[in-house]
Amino acid sequence: MKKEHQNFFHDVFEVVKLIPKGKVTTYGAIGAYLGLKSSARMVGWAMNASHAEKGIPAHRVVNSKGLLTGKHHFETPTKMEELLKKEGVKVKDGCVVEFTKHLWIPSKELL
DNA sequence: GACATGACGATTT
DNA sequence: GAAATCGCCATGT
């Protein structure tokens, strides 16, 4: 690990950091913003590296269904829901309520 | 250097 | 309409 390939991770982190409070985005949206159309996996993978950075609201990043797939990667499986609820995002059974309403797409919002 | 895996998405069968 | 499969790129072994 000499040259930390944060190249694409850094981009993801930057976008995630830009997510307004009370909003959520999807892996695909971030991927599309970075030009990685169908590389949503990489986005999720980058989030795995989010532990290397601080202030990465990974709880605001969910899959296209609004499902908190990454909740299991948090300190606690419920931490993600707690954080989202705390910010005004209603979560039920691991799913974001009114997901599309809270959806925040960088390609459109930052247009 | 090859194989397997990973917090997903879209497409095809 | 649901299930299975490919694609996508990087990381770890």
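Given the structure is predicted, the values throughout are model-derived calculations rather than measurements. Throughout, protein chains are lettered first and strands after them, A, B, ... in sequence-line order, and every chain is numbered starting at 1. Values reported hereafter were calculated over all heavy atoms of this structure, with side chains retained and with hydrogens, waters and symmetry mates removed.
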A.B. asks: P atom, B:dT5 versus C:dT5: distance in rounded Å?
C.D. replies: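 Their P atoms lie roughly 16 Å apart.
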
A.B. asks: Suppose we screen for side-chain contact (heavy atoms from CB on, under 4.5 Å). Which residues come up paired with A:A29, at least two apart in sequence or across chains?
C.D. replies: A:T25, A:T26, A:I105, A:P106

A.B. asks: Whole Å only: how far is the CG atom of A:L103 from the P atom of B:dC8?
C.D. replies: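 Interatomic distance, CG of A:L103 to P of B:dC8: 16 Å.
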
A.B. asks: Between A:L36 (CG) and C:dC8 (P), how many Å, whole number?
C.D. replies: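 Between P of C:dC8 and CG of A:L36: 11 Å.
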
A.B. asks: Taking only side-chain nitrogens and oxygens of A:T69, does any of them come within less than 4.0 Å of OP1 or OP2 of B:dC8?
C.D. replies: yes

A.B. asks: Grab the CZ-C1' distance between A:F13 and C:dA10 for me, whole Å please.
C.D. replies: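 Rounding to the nearest Å, CZ of A:F13 and C1' of C:dA10 are 13 Å apart.
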
A.B. asks: Kindly give the atom pairs (protein nitrogen or oxygen, nucleotide nitrogen or oxygen) under 3.5 Å for nucleotides 9-11 of chain B.
C.D. replies:
residue, atom, partner, partner atom, Å
B:dG9, OP1, A:S64, N, 2.5
B:dG9, OP1, A:S64, OG, 3.4
B:dG9, OP2, A:S64, N, 3.2
B:dG9, OP2, A:S64, OG, 3.1

A.B. asks: Rounded to whole Å, please give me the gap between NE2 in A:H51 and C1' in C:dT11.
C.D. replies: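 One finds 15 Å between C1' of C:dT11 and NE2 of A:H51, rounded.
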
A.B. asks: Below 3.5 Å, can you tabulate the donor-acceptor pairs from side chains in residues 63-75 of chain A to any protein atom, sequence neighbours excluded?
C.D. replies:
residue, atom, partner, partner atom, Å
A:N63, OD1, A:K65, N, 3.2
A:N63, OD1, A:G66, N, 3.1
A:N63, OD1, A:L67, N, 2.6
A:E75, OE2, A:K79, NZ, 2.9

A.B. asks: Identify each donor-acceptor pair in which a side-chain atom of residues 84-95 of chain A lies under 3.5 Å from a protein atom, sequence neighbours left out, and give them as a table.
C.D. replies:
residue, atom, partner, partner atom, Å
A:E87, OE1, A:R60, NE, 2.8
A:E87, OE1, A:R60, NH2, 3.1
A:E87, OE2, A:H59, NE2, 3.4
A:E87, OE2, A:R60, NH2, 2.8

A.B. asks: Rounded to the nearest Å, what distance is computed from the CZ atom of residue A:F9 to the C1' atom of nucleotide C:dG12?
C.D. replies: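 Going from A:F9 (CZ) to C:dG12 (C1'), I get 12 Å.
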
A.B. asks: Over all strands shown, is A:A58 touching base, sugar-phosphate only, or nothing at heavy-atom distances under 4.0 angstrom?
C.D. replies: base

A.B. asks: Do A:L36 and A:I30 have side chains that get closer than 4.5 Å, going by heavy atoms?
C.D. replies: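 The answer is no, as the side chains (C-beta and beyond) never meet within the 4.5 Å cut-off.
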
A.B. asks: Partners of A:K17 by side-chain contact (heavy atoms from CB on, under 4.5 Å), sequence neighbours excluded?
C.D. replies: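 Only A:E53, A:I56 meet the side-chain contact (heavy atoms from CB on, under 4.5 Å) criterion with A:K17.
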
A.B. asks: Between the base of C:dA10 and the side chain of A:S39, is there a donor-acceptor distance below 3.5 Å?
C.D. replies: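 Not at all, since no donor on one side and acceptor on the other fall under 3.5 Å apart.
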
A.B. asks: Check the distance between B:dA7's P and A:L68's CG and give it to me in whole angstrom.
C.D. replies: 14 Å

A.B. asks: Show every salt bridge (charged side-chain N to carboxylate O under 4.0 Å, His left out) that has at least one partner inside residues 101-111 of chain A, sequence neighbours left out.
C.D. replies: A:E98-A:K101

A.B. asks: Separation of A:H73 atom NE2 from B:dG6 atom P, in whole Å?
C.D. replies: 9 Å

A.B. asks: How long is the gap from CZ on A:F8 to CH2 on A:W45, to the nearest 0.5 Å?
C.D. replies: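 Between atom CZ of A:F8 and atom CH2 of A:W45 there are 11.0 Å.
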
A.B. asks: Take atom NE2 of A:H72 and atom P of B:dC8, then tell me their distance rounded to the nearest Å.
C.D. replies: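 My rounded result for the distance is 13 Å.
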
